[in-house]
Amino acid sequence: MRAIKLNGFGGPEVMTWGEAPDPRPGHAEVLIDVVAAGVNRADLLQRQGYYSPPPGSSEIMGLECSGVIAEVGEGVRDWQVGDRVCALMSGGGYAERVVVPAAQLLPVPQDFDLGAAAGLPEVAATVWSNLVMTAGLRAGQLVLIHGGGSGIGTHAIQVAVQRGARVAVTAGSPEKLQRCKELGATVLINYRDDDFVAAVRRETSGAGGPGADIILDNMGAAYLARNVEALAAHGHLVIIGMQGGVTAELNLGALLAKWGTVHATNVRGRPASGPHSKAEIIAEVRAQLWPLVTDGAIVPVIHAELPIAEAADAHRLLESSDAFGKVTLRVRD
């Protein structure tokens with residue numbers, strides 16, 4: 001098969017489209033003929049040499065894909081050759097074929113575009129596991145989503161709205177904020193000009209007083225102190241990214257005074273099965289979130305789809321922060 005390979009670590013130019021060994025499914029795994037793959041910031045970090053795949057995972061980039069099952073391994077009962085699927089994985093998506101544990105598959109209906117489906121598994125797993133499974137999102141709460149125009153942000157807005165929450169977002173332009181509003185956000189904060197702490201604390205949350213009941217944060221260190229300040233009483237700060245650095249001082253007194261909780265999570269490093277695993281998350285996503293996707297209540301937001309051979313340009317686009325929503329790579333028609 002062909003796949004995107006890394007000729008060392010560095011800029012997008014280190015990626016090339018070339019030959020790679022054909023994968024074969026093992027026990028409880030399936031082989032997918034990939035139609036499209038999603039591009040994530042984790043891929044950019046892996047390309048730069050900062051985020052190695054978990055032990056035993058494919059060295060090929062790509063944490064999500066869509067396609068058609070080409071072969072099923074021993075022990076697979078619920079999937080068949082020819083099924084249209086999208087998949088969450090620890091690596092391997094930037095390729096013509098990939099092996100995935102069957103428990104990490106989601107079905108793609110016949111009338112749903114496979115190219116768009118490639119941009120769903122990673123955001124769905126990240127948003128659902130963090131907002132719902134970790135932070136306990138419920139109706140009436142106020143949720144602050146940093147990076148509202150990102151792939152995760154655009155999905156998180158829709159999930160929070162569908163769960164009956166009110167949504168505040170930060171973004172870096174009026175255009176992005178307007179599009180966040182169209183997805184259901186009601187508190188729009190331009191982080192270049194506005195103080196998100198003041199903006200959020202002006203709002204009355206569901207149960208915890210002024211501030212956000214849940215904050216979904218992609219910045220890490222740079223926003224830590226201000227995020228704690230922006231929390232409502234009994235609030236949950238969920239850190240899923242470190243674009244603003246990895247080290248910061250935490251004022252435990254401020255956190256204690258609010259009975260607050262700080263979570264730091266990722267999906268890629270979770271085990272394939274068992275408690276807190278990828279399989280557990282996908283089972284929850286399929287049961288509770290996927291009906292909203294297949295009914296069109298929650299839609300994939302795709303900024304651009306590029307041919308897989310132009311993966312370098314896709315990385316440049318994501319790095320530019322010009323995209324609204326996901327960037328995907330088309331592998332085959």
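- The local environment of CG in D333 is sparse, with at most 12 non-hydrogen atoms from other residues, nucleotides or ligands closer than 6.0 Å.
- A pairwise comparison of heavy atoms in V169 and C180 identifies CG2-CB, 3.8 Å as the closest pair.
- The heavy-atom pair separating L306 from A304 by the smallest distance is CD1-CB, 3.8 Å.
- Residue pairs that meet the salt bridge (charged side-chain N to carboxylate O under 4.0 Å, His left out) test with at least one member in residues 116-131, sequence neighbours left out, do not exist here.
- Sorted by first and then second residue, the pairs that involve residues 12-32 and meet salt bridge (charged side-chain N to carboxylate O under 4.0 Å, His left out), not counting sequence neighbours, are R24-E71.
- Aromatic ring pairs are classed by plane angle as parallel below 30°, tilted from 30° to 60° and perpendicular above 60°; the pair H236 and H263 is parallel.
- Here the options are V98, I60, L31, the test is side chain to side chain contact (heavy atoms under 4.5 Å, CB included), and the partner is P23; only L31 passes.
- Formation of a donor-acceptor pair under 3.5 Å by the R286 side chain with backbone atoms of L106 is not found in this model.
- Here salt bridge (charged side-chain N to carboxylate O under 4.0 Å, His left out) pairs that include residues 87-103, with residues two or more places apart or in two chains, are R2-E96, D33-R97.
- Minimum interatomic distance between C65 and I32 (heavy atoms only, all atoms of both residues): SG-CD1, 4.4 Å.
- With K278 as reference, S90 is the one residue of S129, S90, S273 to meet the side-chain hydrogen bond (donor to acceptor under 3.5 Å, both in side chains) rule.
- Qualifying salt bridge (charged side-chain N to carboxylate O under 4.0 Å, His left out) partners for D83, counting only residues two or more places apart in sequence or in other chains: none.
- Using a 4.0 Å cut-off between charged side-chain N and carboxylate O, R138 and D213 make no salt bridge.
- Atoms CD and OG1, on E64 and T328 in that order, are 9.0 Å from each other to the nearest 0.5 Å.
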Distance-only check: which donor-acceptor pairs under 3.5 Å involve side-chain atoms of residues 288-298, not counting sequence neighbours?
from	atom 1	to	atom 2	distance (Å)
Q288	NE2	E284	OE1	2.7
W290	NE1	P107	O	2.7
T294	OG1	W290	O	3.2
T294	OG1	P291	O	3.2

Return a table of donor-acceptor pairs under 3.5 angstrom between the side chains of residues 239-250 and protein atoms on other chains or two or more places apart.
none

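- Ring pair Y223/F196 is tilted by interplanar angle, where 30° to 60° counts as tilted.
- Contact between V301 and Q158 at its shortest, heavy atoms only, is CG2-NE2, 3.9 Å.
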